[in-house]
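In this text the structure is predicted, and so the values were computed from the model without any measurement. Numbers restart at 1 for each chain; the letters A, B, ... are given by sequence-line order, proteins then strands.
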2 protein chains.
Amino acid sequence: MMILGVVQWMQPVHGYDVRRELLNWDADKWANVKPGSIYHALRKLTEEELLREVATEQVGARPARTTYEITAKGAEEFMTLLRGNWWHLSTPPDPFMAAFSFLPVLPRPEASAALRSRAAQLQAGVERLREAQKADWFQTKPTFVSWMWELTIERSEAEIRWCERTAARIESDEPYLPTDDA
Amino acid sequence: MMILGVVQWMQPVHGYDVRRELLNWDADKWANVKPGSIYHALRKLTEEELLREVATEQVGARPARTTYEITAKGAEEFMTLLRGNWWHLSTPPDPFMAAFSFLPVLPRPEASAALRSRAAQLQAGVERLREAQKADWFQTKPTFVSWMWELTIERSEAEIRWCERTAARIESDEPYLPTDDA
DNA sequence: AGCGTAATAGCCAAACTTGACTGCACGCGC
DNA sequence: GCGCGTGCAGTCAAGTTTGGCTATTACGCT
């Protein structure tokens with residue numbers, strides 16, 4: 001629940017602002033914060049007294065929007081959460097690993113083709129990021145965003161190499177099971 | 001729902017077997033299949049007619065165990081799911097990315113220390129895997145398990161390099177915001 | 001023989017996420 | 001002057017995941 005972080009960073013804010021900011025960061029892709037979750041989270045955090053409602057204003061006949069700010073307890077909790085994720089490494093679930101563990105179920109040609117396709121997709125992602133880093137609008141963004149992207153790029157590149165190598169192994173009919181020629 | 005896969009691979013099985021096998025693969029760490037999910041999933045899949053109950057036997061006064069096997073429809077669905085995860089790459093949520101995006105909130109010394117610690121933890125993980133690959137019991141396992149671990153290792157190594165580099169940047173007081181010395 | 005601990009087998013209520021949906025206002029082309 | 005698409009602001013029900021709980025048996029150690 002790093003929604004706390006955004007609230008702290010932009011307070012006071014209302015739900016829609018948080019949503020826009022997070023979508024702007026593509027946070028729906030790499031954090032588990034899709035638009036639907038936000039309002040629920042805000043209410044739950046308020047209940048836990050980590051946030052506090054500040055006001056409820058109305059513009060025209062549109063839905064009222066409630067603005068929130070963080071409480072002292074919330075700031076503390078946020079720091080704890082944040083430190084937790086900085087210091088402890090966690091292994092997020094990776095559907096591809098899951099799929100790969102069933103390798104023998106697929107015909108070899110399909111498996112290697114899929115790996116090469118995966119490599120290509122990763123490559124495309126890398127190039128998009130590289131492009132974006134050069135773009136004008138990017139220069140106004142904090143520098144460390146660039147550092148973040150570098151991590152993504154380097155992880156991807158490692159994976160691309162692995163994909164190619166593994167595809168080659170599959171194509172060359174390396175056996176899946178150990179040949180016990182003892 | 002790659003529980004289908006395990007059931008197909010070991011049928012007929014009962015819930016506890018699936019659980020043991022998955023824990024054996026450390027699947028609770030990289031797939032979203034923790035023990036509690038299994039029985040619920042089995043029932044749900046049975047309801048959808050992707051699985052079929054085979055028998056319910058009882059040993060002593062212990063809880064009865066129900067064994068399942070996969071149906072034709074289930075096998076088909078499994079293939080679809082499997083292909084989906086082989087061909088489409090997905091970006092699983094990464095709590096570290098989330099945490100890193102709040103970099104400026106932490107004091108610089110702590111941030112760089114955390115990064116170095118992270119690198120060390122990754123390194124330890126890599127060494128454990130390397131060790132395991134050499135162990136005796138490992139030689140009986142399918143070869144492609146080794147390939148899977150290589151992916152983990154290479155991803156980790158890329159990340160280690162990034163951690164060190166980024167830690168150095170933070171220590172050398174590189175600014176977080178663009179200095180517009182235009 | 002006695003006792004603590006681990007393994008067996010499974011259930012459940014609560015929490016979390018999510019995609020889809022609602023209704024209003026505003027600017028724009030025709 | 002009139003539809004109409006788009007942005008705003010948020011709700012909701014439904015589906016998933018999960019941590020923790022129960023109760024019995026087997027086993028190792030003293």
Side-chain angles (χ1 to χ4, degrees), chain A residues 1-4 6-7 10 12-24 26-48 50-51 53-68 77 81 90-95 98, chain B residues 1-4 6-7 10 12-24 26-48 50-51 53-68 77 81 90-95 98:
Chain A
M1 302 184 189
M2 300 273 124
I3 291 198
L4 268 176
V6 179
V7 175
M10 308 182 57
V13 275
H14 51 100
Y16 200 75
D17 270 352
V18 175
R19 172 201 204 148
R20 254 202 330 238
E21 189 66 14
L22 287 176
L23 287 185
N24 199 270
D26 285 330
D28 53 328
K29 299 211 196 77
W30 45 265
N32 46 353
V33 193
K34 265 132 221 118
S37 330
I38 295 177
Y39 299 95
H40 176 50
L42 287 176
R43 266 193 299 275
K44 209 200 50 195
L45 292 173
T46 305
E47 208 174 293
E48 289 176 49
L50 303 177
L51 294 183
E53 286 183 25
V54 172
T56 307
E57 46 179 340
Q58 186 127 15
V59 181
R62 271 183 265 159
R65 40 188 209 179
T66 314
T67 47
Y68 297 87
E77 177 68 12
L81 271 275
S90 60
T91 54
D94 180 350
Chain B
M1 301 185 190
M2 300 275 124
I3 289 197
L4 269 176
V6 179
V7 175
M10 308 182 57
V13 275
H14 52 100
Y16 200 74
D17 270 352
V18 175
R19 171 203 203 145
R20 254 200 333 235
E21 189 67 13
L22 287 177
L23 287 186
N24 200 269
D26 285 330
D28 53 329
K29 298 209 198 81
W30 44 265
N32 47 352
V33 192
K34 264 132 223 117
S37 329
I38 295 177
Y39 299 95
H40 176 51
L42 288 176
R43 265 193 301 275
K44 210 200 48 194
L45 292 172
T46 305
E47 209 175 292
E48 289 176 50
L50 303 177
L51 294 183
E53 285 182 25
V54 172
T56 308
E57 47 181 338
Q58 187 129 11
V59 180
R62 271 183 269 157
R65 37 189 211 180
T66 314
T67 48
Y68 297 86
E77 177 68 12
L81 271 275
S90 60
T91 54
D94 179 351

Which nucleotide in the set C/dC16, C/dT17, C/dA9 lies at the smallest distance from any side-chain heavy atom of A/K44? C/dC16
Can you tell me how far P of D/dG15 sits from CG of B/L45, to the nearest Å? 14 Å
Looking only at side-chain N and O atoms, does B/Y16 come under 4.0 Å of OP1 or OP2 in C/dT8? yes
Rounding to an integer number of Å, can you tell me how far A/I38 CD1 sits from D/dC12 C1'? 16 Å
Can you identify which nucleotide, out of C/dT18, C/dC11, D/dG10, has its nearest atom closest to the B/R43 side chain? C/dC11
Where do B/E47 and B/R43 land on the side chain to side chain contact (heavy atoms under 4.5 Å, CB included) test, with the steps shown first? CA-CA 6 Å; B/E47 209 175 292; B/R43 265 193 301 275; 5.8 Å; no
Length of the line joining B/L23:CG and C/dG10:P, which is rounded to integer Å: 14 Å
Rounded to whole Å, please give me the gap between NE2 in B/H40 and P in D/dG20. 19 Å
Quickly work out the A/K34 NZ to D/dT16 C1' distance and round it to whole Å. 13 Å
Testing D/dT11, C/dA9, D/dT17 for proximity to the side chain of B/H14, the answer is C/dA9
Closer than 3.5 angstrom, by distance alone: can the side chain of B/T91 be matched with the main-chain N or O of A/W30 as a donor-acceptor pair? no
Derivation of the side chain to side chain contact (heavy atoms under 4.5 Å, CB included) call for B/T66 and B/H14: CA-CA 5 Å; B/T66 314; B/H14 52 100; 5.9 Å; no
For A/T66, answer base if it contacts any base atom (sugar-phosphate contacts may also be present), sugar-phosphate if it contacts only those atoms, and nothing otherwise; contact means non-hydrogen atoms under 4.0 Å. sugar-phosphate
Nearest whole angstrom, please: distance from the C1' of C/dA6 to the CZ of B/R19. 13 Å
Would you say the side chain of A/L4 lies within less than 4.5 Å of the side chain of A/L81, judging by non-hydrogen atoms? no
Nearest-nucleotide comparison on DNA chain D, the residue closer to the 5′ end among B/E48 and B/P35: B/E48
Would you mind telling me which of D/dG10, C/dC11, C/dT17 lies closest to the side-chain atoms of A/N32? C/dT17
After noting the C-alpha distance and the side-chain angles of A/Y68 and A/L42, does the key distance pass the side chain to side chain contact (heavy atoms under 4.5 Å, CB included) rule? CA-CA 8 Å; A/Y68 297 87; A/L42 287 176; 3.8 Å; yes
Atom CZ of B/R20 and atom P of C/dA7: how far apart are they, to the nearest Å? 11 Å
Without decimals, in angstroms, what is the distance between B/K29 NZ and D/dT17 P? 19 Å
